[in-house]
Amino acid sequence: MPELPEVESTVRRIKPELTGKILRKITVDWTNMAPGMNIDKVSRACKGACVEDVLRRGKYIIISVVGSDEERHIILHQKMSGRLKVYHKSSSRTVYDHVILEFDDGAELRLTDPRKFGRIYVVPHYEEALNSLGPEPLSKSFTQQQLSRILKKRKGAMKALLLNQSFIAGLGNIYVDEILWRAGIHPLRSAHEVTEQEVTALHRHIKEVLRAAIKAHGTDFGDGVIYGGAYRPAVYGRDGEDCLKCSRKLLKLKVAGRGTHICAFCQS
DNA sequence: CAAACTCCCTGTTAGC
DNA sequence: TGCTAACAGGGAGTTT
């Protein structure tokens, strides 16, 4: 569930809490969450390294640490059910705390994830590890011309394309539904059939929705504690309720294997 | 190459 | 009411 706005909020929250701290240990109690890694070996190699920066790329969180020998990047992904928060070691852990970064001063970054879908990678260069990601939608370089060019080359459904991280990085189910509703584009529309006028609206709403959601600290998933964001989606989770534009009933369908919320009148 | 499908997981929900 | 089965969902990997 955490998408770009939630991940951005997480990064902004934990960055000041972690910067300057000395890494002591990394533990992972479910090996699939650290694929292809010898976590004990990596933990020993990272011991004593200092957190220099915390940043976001798509839905990934990158913690850059500098040790005596080299620079490393700890990459985390929350997938659907992962929650990331800094605790003090004196607070009790839960059975869902599968990835833990311990620091010298007693602080602990815990990835709490009941479904074990979350991931941790430790790599020398994060750009290389994440090079299959598409552009950052909020960057200046993500232009309408660029968007238009890619859409023309694709015949698949708009929703599937917007969810594809190698196309644009950071969009997920909630915000894609929101963006398509605002732009008046049906999720099943073939990408290359979208008109230039619609591309203009799409480009604008991608930026507007993401900016508004970040400002609200994301969407509240009923989590309460971590994602208490105030963003209120207009279509996601509102099937059966009234469309905020035309007052007709919102529908739910399945597109690209995802629950999809639309207004059949406003989107075509 | 694009696009569709499979798998990983378990809390939640639907169905009996 | 209580149990079981189906489902959701991001993204990597695989197949068409």
Side-chain angles (χ1 to χ4, degrees), chain A residues 1-11 28-37 56-62 75-84 94-99 111-123 126 128-137 147 149-180 187-194 210 213 218-227 233 235-240 251-262:
Chain A
M1 295 284 201
E3 303 178 24
L4 190 153
E6 289 75 29
V7 178
E8 181 64 28
S9 298
T10 298
V11 166
V28 180
D29 74 353
W30 191 258
T31 51
N32 280 0
M33 293 180 72
M37 277 174 61
R56 180 191 62 72
R57 175 80 174 92
K59 300 176 199 172
Y60 291 85
I61 292 165
I62 299 124
I75 302 177
L76 296 166
H77 198 297
Q78 299 164 284
K79 291 288 179 87
M80 320 160 38
S81 56
R83 302 289 180 263
L84 214 45
T94 74
V95 292
Y96 302 129
D97 296 332
H98 298 300
V99 175
L111 177 59
T112 307
D113 189 355
R115 290 186 202 175
K116 300 172 179 169
F117 272 19
R119 294 289 182 267
I120 178 171
Y121 312 89
V122 181
V123 298
Y126 78 89
E128 194 181 314
L130 302 179
N131 67 0
S132 65
L133 288 178
E136 281 294 323
L147 180 64
R149 209 180 317 125
I150 305 170
L151 289 178
K152 283 191 178 71
K153 283 189 272 187
R154 298 290 192 130
K155 293 190 175 181
M158 278 303 295
K159 171 130 182 180
L161 193 55
L162 293 176
L163 285 174
N164 187 340
Q165 301 300 294
S166 61
F167 170 60
I168 301 175
L171 298 182
N173 207 33
I174 296 174
Y175 296 107
V176 166
D177 280 4
E178 204 64 10
I179 289 161
L180 287 173
L188 285 171
R189 275 280 289 290
S190 178
H192 71 303
E193 289 173 356
V194 171
L210 293 176
T219 300
D220 189 349
F221 302 136
D223 188 292
V225 184
I226 298 181
Y227 295 113
V235 284
Y236 185 86
R238 293 194 65 242
D239 45 301
L251 307 177
K252 184 170 181 178
L253 46 144
K254 199 157 193 155
V255 180
R258 303 281 180 253
T260 300
H261 311 76
I262 64 156

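Within every chain, numbering begins at 1; the chains are lettered A, B, ... in the order of the sequence lines, protein sequences first and strands thereafter.
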Name the closest nucleotide to the [X] side chain, picking from [options].
X	options	value
A/Lys79	B/dG11, B/dA2, C/dG11	C/dG11
A/Arg258	C/dG9, C/dA12, B/dC9	C/dG9
A/Phe117	C/dA12, B/dA3, C/dG9	C/dG9
A/Tyr236	C/dG11, C/dA12, C/dG9	C/dG9

Would you kindly give the [atom1]-to-[atom2] distance between [X] and [N], to the nearest whole Å?
X	N	atom1	atom2	result
A/Asp29	B/dC9	CG	P	12 Å
A/Leu253	C/dC7	CG	P	17 Å
A/His98	B/dC8	NE2	P	17 Å
A/Asn32	C/dG11	CG	P	18 Å
A/Arg83	C/dG9	CZ	P	13 Å
A/Leu163	B/dA2	CG	P	17 Å
A/Ile174	C/dG10	CD1	C1'	12 Å
A/Gln165	C/dG10	CD	C1'	8 Å

inquiry  = Return whichever of A/Lys254 or A/Ser132 has its heavy-atom-nearest nucleotide of DNA chain C closer to the 5' end.
reply    =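 The 5'-side residue here is A/Lys254.
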Under 4.0 Å between a side-chain N/O of [X] and OP1 or OP2 of [N], yes or no?
X	N	result
A/His77	C/dG10	no
A/Tyr96	B/dG11	yes
A/Trp30	B/dC8	no
A/Asn164	C/dG11	no
A/Lys59	C/dG11	yes
A/Arg115	B/dC8	no

Base, sugar-phosphate alone, or nothing: which one does [X] contact when heavy atoms must sit under 4.0 Å apart?
X	answer
A/Arg119	nothing
A/Lys153	nothing
A/Gly172	nothing
A/Lys116	sugar-phosphate
A/Asn173	sugar-phosphate

ask   = Can you find a side-chain donor-acceptor pair between A/Tyr175 and A/Thr219 that sits under 3.5 Å?
value =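 A pair is found: one side chain offers a donor N or O, the other an acceptor, under 3.5 Å apart.
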query = Is there a donor in the side chain of A/Thr260 and an acceptor in the side chain of A/Lys252, or the other way round, less than 3.5 Å apart?
reply =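 There is no such pair between these side chains.
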request  = For the pair A/Tyr121 and A/Tyr60, name the ring-plane relationship: parallel under 30°, tilted 30 to 60°, perpendicular over 60°.
outcome  =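 A/Tyr121 and A/Tyr60: tilted rings.
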query = Looking only at heavy atoms, which two atoms of A/Ala169 and A/Gly58 are closest? And how far apart?
reply =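 What the structure gives for the nearest pair is CB-CA, 3.8 Å.
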key: Upstream residue (5' side of DNA chain B) when A/Met33 and A/Ala157 are each assigned their closest nucleotide   =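 Taking each residue's closest nucleotide, the earlier one in sequence belongs to A/Ala157.
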ask   = Are A/Glu6 and A/Lys59 close enough for a salt bridge, meaning some N to O gap below 4.0 Å?
value =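 Salt bridge absent between A/Glu6 and A/Lys59.
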ask   = In terms of side-chain geometry, is the basic nitrogen of A/Arg258 or A/Asp177 positioned less than 4.0 Å from the acidic oxygen of its partner?
value =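 No salt bridge links A/Arg258 with A/Asp177.
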